[in-house]
Every structure is written in C-alpha cells, then in structure tokens.
Amino acid sequence: MTNEECPFFFSCDAPLCPFYNFNGIWYADETICKNPKYSKLDVIKNQKKISRINKKHEVQGIFTFNMLNRPLKIYESISGLNEDLDLEGIAKSEKTWIQKHKGMSEKTKLKLLSNLGKEKTEV
C-alpha cells in the first residue's frame, strides 16, 4: 500500500488495517484505523465501542479480525481472548468466543432503531 491509497499510511499504526493487515490481533487500548472511508466497517465500529468501554473499565484480552468483523452487542463486561494462547489456541478459542457473542441481525437492529425513533417522537 502507498500513501496514495491511504492518506494515513505513514501516521497510523493500527494493528488491524483494512489495507495492510487484517490478520493481526488488537488490544482495546491500541490504535484504530483513522481513515474515515472505512469507519462504517463492523470491525472499526466494534473497535471504537470497545475502546470507549476500555476508558472506563479495563478490557482484558486480545481481539481478532474474525471476532470484530460482524455486528456485535458490546457490553461493559466484554473481554477478549487470553493473550498467552498460541496460534492453535487462539483459533479454537476464537470459535468459542464467536459462538458465545452472538451479533445482532440487521432486521433486529432496524426494529430497535425504529422503536427508538417512535419513543423520541412521543416524548
């Protein structure tokens, strides 16, 4: 990748980069992609949510692209995988984590948003 492809290439050190490396791991206190072009990606949105939680409650563990790249319900109690795992352990634990942390379907999300809109107009 060159700086022509991403204007933040030389100033951003995000471990999960849409252009460079979605195979890495990410800690809640690490940098998130700064390119606004990719801010709508689930992985970026989830990183931002976890990062906000981490400012109040220390979020433990590591997160992989596969864990973050889907609609997630993110709570204050969220934690990643044990950082002492080897690659094989990460792969096994990642599958379990994903099964345990079901995401929200687009249909459910739209229903919740529409309900929120109705409540706001009624108030």
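Just so we're clear, the structure is a prediction, and the values are computed from it rather than from any experiment. No hydrogens, no waters, no symmetry mates; every other heavy atom, side chains included, goes into these values.
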> Check residues 34-43 and write down every donor-acceptor pair under 3.5 Å in which the side-chain atom is one partner and the other belongs to a residue at least two apart or another chain.
{"residue": "K34", "atom": "NZ", "partner": "S11", "partner atom": "O", "Å": "3.1"}
{"residue": "N35", "atom": "OD1", "partner": "K37", "partner atom": "N", "Å": "3.0"}
{"residue": "S39", "atom": "OG", "partner": "P36", "partner atom": "O", "Å": "3.0"}

> Just how far is it from atom CG of L72 to atom CZ of F63, taken to the nearest 0.5 Å?
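With rounding to 0.5 Å, CG (L72) is 9.0 Å from CZ (F63).
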
> Tell me which donor-acceptor pairs under 3.5 Å the side chains of residues 47-57 have, and how far apart each pair is, sequence neighbours excluded?
{"residue": "N54", "atom": "OD1", "partner": "V59", "partner atom": "N", "Å": "2.8"}
{"residue": "H57", "atom": "NE2", "partner": "E76", "partner atom": "OE1", "Å": "3.3"}

> Is there a donor-acceptor pair closer than 3.5 Å between any side-chain N or O of Q99 and the backbone N or O of T96?
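Not confirmed, Q99 side chain does not pair with T96 backbone.
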
> Quick one: are C33 and P18 in side-chain contact, heavy atoms under 4.5 Å?
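Heavy-atom side-chain distance check passes, below 4.5 Å.
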
> What's the spacing between N69 CG and L16 CG if we round to 0.5 Å?
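Taking CG in N69 and CG in L16, the distance rounds to 10.0 Å.
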
> Just to verify, what does H101 make a ring pair (Phe, Tyr, Trp, His ring centres under 6.0 Å) with, not counting sequence neighbours?
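With neighbours one apart ignored, the set is W97.
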
> Going from CD on E94 to CG on L87, what distance comes out if it is rounded to the nearest 0.5 angstrom?
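Reported to 0.5 Å precision, the distance equals 11.0 Å.
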
> Residues in side chain to side chain donor-acceptor pair (under 3.5 Å) with E58, at least two apart?
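E58 satisfies side chain to side chain donor-acceptor pair (under 3.5 Å) with Q60 only.
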
> Donor-acceptor pairs are to be reported for all side-chain atoms of residues 79-86 against protein atoms at under 3.5 Å, with residues two or more places apart or in another chain.
{"residue": "N82", "atom": "OD1", "partner": "D84", "partner atom": "N", "Å": "2.7"}
{"residue": "D86", "atom": "OD1", "partner": "E88", "partner atom": "N", "Å": "3.4"}
{"residue": "D86", "atom": "OD1", "partner": "G89", "partner atom": "N", "Å": "2.7"}

> Is it the case that over 12 heavy atoms from other parts of the model lie below 6.0 angstrom from the CG atom of L110?
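Count over threshold, so yes.
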
> Using the test side chain to side chain donor-acceptor pair (under 3.5 Å), find all partners of S93 that sit at least two apart in sequence or belong to another chain.
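So S93 forms no side chain to side chain donor-acceptor pair (under 3.5 Å) with any residue.
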
> To the nearest 0.5 Å, what is the distance between CH2 (W26) and CG (N46)?
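Taking CH2 in W26 and CG in N46, the distance rounds to 9.0 Å.
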
> When rounded to the nearest 0.5 angstrom, what distance separates CD1 in I25 from CD1 in I62?
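Result: 4.0 Å between the selected atoms.
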
